Trainee: 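The structure is given below, and queries will be raised subsequently.
Naming: A, B, ... by sequence-line order, numbering from 1 per chain. Side chains are part of it too, since the values below use all heavy atoms of this structure and drop only hydrogens, waters and symmetry mates. The structure displayed is predicted, hence computed values, not measured ones.
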Amino acid sequence: MAASKPELRWGFKTWADNKSLELRSRLGLAPYSPLKAADLCKIFEVHLITPENITLLSGDCLKTLCADKGKEHWSAVTIPKSPTGYVVIHNHSHSLARQESNIMHELAHIICGHDMQSIHNKEGLPPYMREFPTAQEEEAKWLGGCLQLPREALVWALQQGMEQAEIASYYLASAQMVRLRINMTGVSKQLKQYSK
Amino acid sequence: MDKLLDTQKLADMVKSKRGKTGLRTVAEEIGVSHSTLSRIEQGNLPDVETFIILCRWLNVSTEYFTNDNPQEKTPQEQFLAHLRADRTLPESTALALMEMIKISYAQFNSTPHGS
């Protein structure tokens, strides 16, 4: 039987909702305001770059990650930066909405305090083979969605009569993300007459 | 000693054992998604957990598919990163990501973390 996704730990969803509102408040934003990933980066000392900003990266490497089919397979990398903070290298060949989602996901890992993966030989395996921390990925996925589209923002937007496409554009999210968040937060049940 | 994975050898062995049985059936039996199994059979690089599961199903040790890397550079350095990417990757993409992590570490850190 294929492994199922781990459940989020008890209280995490409430924590994530509250964190999204707290961070908006820190930036002087209303609960229903759009939140740009680049603005959130400033709070967490995240230096946001693309592969072209990595000075000594080879042309072949750049081509693999940004021009060839390889660009379809990765979204972002986060590394620590000395003395403090982080560098997030993101894939700017993706749509703007997906770029926002990618960066929010990386920020979510930082906000959750997730340990970074160690990239080195594991049990005699090549260092470029990765471990996939499923539980942490599910947490970052959930929090990333909360950061882009808090429940309060969805309720506000639907009460304003915004269609899902408008909501996506306003909050720099993908149509898929809007649909998912509406379904997962249950606002669609509460505001059934606004769903399109 | 740095290792390389023979993804083609892995792909061939998985395809051979699956034979004419459907992809979804075998994927469920192994405990991976059918899309992951399909990508493995196309020669893509699995993540560690998937690779270990496949080796158990194939009844071979992980060493059966790994070779020493003749181009190994010493000393071994340890890098920490979050990586958002597909669970199975073309080997060229995995290697490019690894290279990007190493070089960006050098650019943004005075020394590697641990070694």
Side-chain angles (χ1 to χ4, degrees), chain A residues 1-3 47 49 51 53-58 60-65 68-83 85-91 102 105-106 109-110 114-134 136-137 140, chain B residues 1-5 27-34 36 44-53 61-63 65-67 69 76-111 113-115:
Chain A
M1 191 74 90
H47 182 48
I49 63 171
N53 301 131
I54 301 166
T55 322
L56 296 174
L57 198 62
S58 71
D60 284 345
C61 204
L62 209 53
K63 192 166 175 285
T64 300
L65 295 174
D68 292 346
K69 278 190 80 68
K71 70 179 187 277
E72 297 166 12
H73 295 287
W74 75 283
S75 297
V77 172
T78 302
I79 62 164
K81 176 171 70 71
S82 67
Y86 306 89
V87 177
V88 168
I89 311 157
H90 77 106
N91 187 342
N102 292 340
H105 185 96
E106 295 307 298
H109 276 304
I110 292 167
H114 291 156
D115 291 332
M116 290 193 177
Q117 291 293 290
S118 180
I119 313 290
H120 72 122
N121 261 2
K122 296 168 269 289
E123 304 167 10
L125 298 176
Y128 53 82
M129 281 182 73
R130 51 195 287 247
E131 290 176 288
F132 199 81
T134 316
Q136 288 189 357
E137 285 301 308
Chain B
M1 170 76 75
D2 234 11
K3 298 285 182 186
L4 295 171
L5 187 79
E28 188 160 348
E29 176 195 321
I30 295 172
V32 300
S33 73
H34 70 275
T36 294
N44 284 303
L45 183 76
D47 66 282
V48 171
E49 184 188 358
T50 301
F51 178 57
I52 291 170
I53 289 170
S61 80
T62 56
E63 290 164 354
F65 298 108
T66 59
N67 304 301
N69 183 359
Q76 280 285 336
E77 292 172 298
Q78 184 175 349
F79 303 95
L80 300 174
H82 286 307
L83 170 58
R84 190 173 197 206
D86 289 349
R87 195 157 182 169
T88 47
L89 294 168
E91 194 169 17
S92 58
T93 306
L95 288 166
L97 286 167
M98 179 85 181
E99 196 60 27
M100 185 170 76
I101 290 169
K102 284 185 182 175
I103 294 174
S104 56
Y105 243 89
Q107 183 170 335
F108 293 101
N109 290 275
S110 49
T111 53
H113 289 246
S115 54

Trainee: Looking at B:Ile101, B:Leu97, B:Thr36, which has the largest count of heavy-atom pairs under 4.5 Å with chain A?
Mentor: B:Leu97

Trainee: Got a donor-acceptor contact below 3.5 angstrom from the B:Gln107 side chain to the A:Thr55 backbone?
Mentor: yes

Trainee: What part of A:Thr64 is in contact with chain B, defined as an atom under 4.5 angstrom from a non-hydrogen atom: side chain, backbone, both or neither?
Mentor: side chain

Trainee: For chain A, which of B:Ser104, B:Ala94, B:Ala106 has the most heavy-atom pairs under 4.5 Å?
Mentor: B:Ser104

Trainee: Is a side-chain donor or acceptor of B:Asn44 paired with a backbone partner of B:Thr88 at a separation under 3.5 angstrom?
Mentor: no

Trainee: Check salt bridge (Lys or Arg N to Asp or Glu O under 4.0 Å) between B:Glu63 and all other residues, then give those that pass, not counting sequence neighbours.
Mentor: none

Trainee: Please look at B:Leu45 and chain A and tell me whether the side chain, the backbone, both or neither of the residue comes under 4.5 angstrom of a heavy atom of that chain.
Mentor: side chain

Trainee: Could you go step by step and tell me if B:His34 and B:Glu28 meet the side-chain hydrogen bond (donor to acceptor under 3.5 Å, both in side chains) rule?
Mentor: CA-CA 8 Å; B:His34 70 275; B:Glu28 188 160 348; over 6 Å; no

Trainee: Of all the heavy-atom pairs spanning A:Met116 and A:Thr78, show the shortest one and how long it is.
Mentor: CE-CG2, 3.7 Å

Trainee: Please look at B:Leu89 and chain A and tell me whether the side chain, the backbone, both or neither of the residue comes under 4.5 angstrom of a heavy atom of that chain.
Mentor: side chain

Trainee: Look at A:Leu56, A:Leu65, A:Leu62 and state which one has the largest set of heavy-atom pairs under 4.5 Å with chain B.
Mentor: A:Leu65

Trainee: Could you tell me which portion of A:Asp60 (side chain, backbone, both or neither) has an atom closer than 4.5 angstrom to a non-hydrogen atom of chain B?
Mentor: neither

Trainee: Identify, with sequence neighbours excluded, every residue that meets side-chain contact (heavy atoms from CB on, under 4.5 Å) alongside A:His47.
Mentor: A:Ile49, A:Lys81, A:Val87, B:Phe108

Trainee: Contact part of A:Asn53 toward chain B, heavy-atom cut-off under 4.5 Å: side chain, backbone, both or neither?
Mentor: backbone

